[in-house]
There are 2 protein chains.
Amino acid sequence: MKFDERHLIQLAAVVKTGGVTEGAALLGLAQPAVSRTLSMLEKRVGEPLFVRGRRPLQPTPLGLSLAEHGLVMLAASRKASDLVESFRVGKSGVVRIGGTPFFMDALIAGLCAEFQASHPDVRIDQSYGYFPDLRAALKADQIDLAICPIDILDEGSGLEFQQILPGRNVVACRVTHPLLLKRRPQPSHLLDYPWIAPPPGSPLLADLRALLLSFGATEIKIRYSGGSLMSVINYLKAADALTIMPHSVVFAQRKEKTITALPITIPHPERALAILTRVDAPHSPAVDQFAEFVRSGFQNLRHLIKRHEESVIWGL
Amino acid sequence: MKFDERHLIQLAAVVKTGGVTEGAALLGLAQPAVSRTLSMLEKRVGEPLFVRGRRPLQPTPLGLSLAEHGLVMLAASRKASDLVESFRVGKSGVVRIGGTPFFMDALIAGLCAEFQASHPDVRIDQSYGYFPDLRAALKADQIDLAICPIDILDEGSGLEFQQILPGRNVVACRVTHPLLLKRRPQPSHLLDYPWIAPPPGSPLLADLRALLLSFGATEIKIRYSGGSLMSVINYLKAADALTIMPHSVVFAQRKEKTITALPITIPHPERALAILTRVDAPHSPAVDQFAEFVRSGFQNLRHLIKRHEESVIWGL
DNA sequence: GAACTTCATAACGATCTGTTATACTGACAG
DNA sequence: CTGTCAGTATAACAGATCGTTATGAAGTTC
């Protein structure tokens, strides 16, 4: 006995509403269509599904049981419809993002949480990597979106770059670092302290090498490397070490009052934080929504940084 | 976005099996039918449901989510089919039985349990009543089956009677009753003990009156009445009282060694225990199965009683 | 018992389904 | 690189089914 699922749904509607006419209305059908379905079902099943001549229409036990299954289908069908609707406006789906560890940990994770306040049914799968990996992952359709610093000369055939934050590095240290007591710390002083190197593969690592060499270091004294942001921060909290970090990452930690940036200007890398997407990516509303959210989030961040620095200047 | 449920089921089958061809086979369809459904779905939804050119066919997140709903429907559909199959052979459904209290309590309840060992999905709704109520309940389609003693002259227009046990009453007492010590108790002795009367409405009540009067009682000394079987048994356990009961009911209690029948013959009532059904009752396999089970159960009981009495005689 | 509501049936056009036949595409081997 | 192979998409068609309107039958209510 194989059923047409639609028939069971019609049965369920009739049982639920207690009448053929009402059941038909519930499904947006004309009454005779449903009536015919019921007759057909009873003939196929060979058992009465309703007690005839009773109003409100009373189902037999078998009719009732069958209707329950129909109701399950009706609910599933409705859910499927809702799913597509919410997917269309970006309210459901999956967003697979990849990015460099520091940015992800310091900035993106929090943004994800904020995003899901308004998009609770969007799942976010996060992964880590540096530009070459991320580019490959994008092209292999393993991620929808990459957030990473790119050199202005990086070529991304088939990729779209959207710059969201200018590249700007600072030297980070704990808030009790002795160098912060000097009115105008000199680059040469920096070489007196142990250094933490960013993980291999990070563009920051190259920045650090260039920086230290420009300060006249003959050899680079690395005490610790390879840790994630949390490791680096915890290390910094416990020692007068120094490291190089994107300004925005240090800025995002300002509330914690554990690390800060030395008031010393170092060269801008020719680089910018960007959102990378495939130009031929399959359209996904949730991804679009998330990307837009990240863009506006970083725009706010830029303003915050600007105001923060102005207040510091005025505060001087 | 309204879906044809069948389409979602086809989608689910394809996702589940990992291929259009296999999915079609799972549903007993040709491959092009399913292929067309998928194209149509993608066009309607406006989003890709599968990553093209991948084998095994890989669904997009949206495709996967939709397929899950389809799977729910497929499962519900299968369950509905199974339900009808099991209903057809009487393995599921509802059986509404009514009967006289003593028989129901002593014999039928246990039979119900035995029946459900082989028919676990059949629900049994039990209610109590005497012949007039049961006949009315049958005609009003409130019960499917009545089990009660009927007078041979009861007319049951529109009802079918199936006799399952001849009428035979005994005088019941506790196993320690003093009358059991007498070799051949005389009817007159019976009047020396207090009597329990069956509930009003029970045909046993009339039997009791007739019996006592035939023994020469001028007035009927009733000490207790109206209780269910359990009450009567518990009363009997605690006093040297007597009562009248169907032999089968006393017999069913033999294992308990609490009550027994006095070895004294009393007149057969012109009555028999029967299964009553409406002749125009809607066909219900579960009811048929149950009725057949009850019939065979009582046939066994008859044999048991016969063998038991033979052994008692040989034992003498 | 009359008015009213609800359900069943009939007839019909449009749609959709499932089929077979066939062309296309990606995967794999030599 | 190319031929083969399995799997998928497309085309065309016959038949079933759906949903509709119109109308008759049955039941409920006052």
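If you're wondering where the values come from, they're calculated on a predicted model, not measured in any experiment. Here is the naming used below: chain letters follow the sequence lines, and residue numbers restart at 1 for every chain.
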*What is the distance, rounded to the nearest whole Å, between atom CD of Gln31(B) and atom P of dT17(C)?*
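Value for this atom pair: 16 Å.
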
Using the salt bridge (charged side-chain N to carboxylate O under 4.0 Å, His left out) criterion, which residues pair with [X]? Sequence neighbours excluded.
| X | result |
| --- | --- |
| Glu42(B) | Arg52(B) |
| Asp151(A) | Arg271(A) |
| Arg295(A) | Glu292(A) |
| Arg6(B) | Asp4(A) |

*With no hydrogens and no angle check, do the side chains of Asp133(A) and Tyr128(A) hold a donor and an acceptor under 3.5 Å apart?*
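Checked: Asp133(A)/Tyr128(A) side chains show no N/O donor-acceptor pair below 3.5 Å.
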
*Please round to 10 degrees the angle between the axis of the first five pairs and the axis of the last five pairs in the helix from dG1(C)-dC30(D) to dG30(C)-dC1(D).*
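Here the local axes at opposite ends form an angle of 50°.
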
_If you compare every side-chain N and O of Ser35(A) against the phosphate oxygens of dA8(C) (OP1, OP2), does one of them come in below 4.0 Å?_
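For Ser35(A), the contact criterion (side-chain N or O under 4.0 Å from OP1 or OP2 of dA8(C)) is met.
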
*Using only side-chain N and O atoms of Thr21(A), determine if any of them is under 4.0 Å from OP1 or OP2 of dC7(C).*
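Checking Thr21(A) against dC7(C): at least one side-chain N or O falls below 4.0 Å of OP1 or OP2.
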
*Choose from dT8(D), dT10(D), dT20(D) the nucleotide whose nearest atom is closest to any side-chain atom of Ser39(B).*
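Among dT8(D), dT10(D), dT20(D), the one nearest the side chain of Ser39(B) is dT10(D).
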
*Return the nearest nucleotide to the side chain of Pro32(A); candidates are dA10(C), dG19(D), dA21(C).*
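Ranking dA10(C), dG19(D), dA21(C) by closest atom to the Pro32(A) side chain puts dA10(C) first.
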
For nucleotides 12-17 of chain D, print each protein N/O atom paired with a nucleotide N/O atom at under 3.5 Å, atom names and distance only.
none

*Contacts of Phe293(B) that satisfy ring-ring contact (aromatic ring centres under 6.0 Å, His included) - sequence neighbours left out*: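 Residues passing ring-ring contact (aromatic ring centres under 6.0 Å, His included) with Phe293(B): Phe115(B).
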
*Residues in side chain to side chain donor-acceptor pair (under 3.5 Å) with Thr60(A), at least two apart?*
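Thr60(A): no side chain to side chain donor-acceptor pair (under 3.5 Å) contacts found.
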
_Residues which pass side chain to side chain donor-acceptor pair (under 3.5 Å) with Ser35(A), listed by chain and number, not counting sequence neighbours_ =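 Once residues adjacent in sequence are excluded, Ser35(A) has no partner under the side chain to side chain donor-acceptor pair (under 3.5 Å) criterion.
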
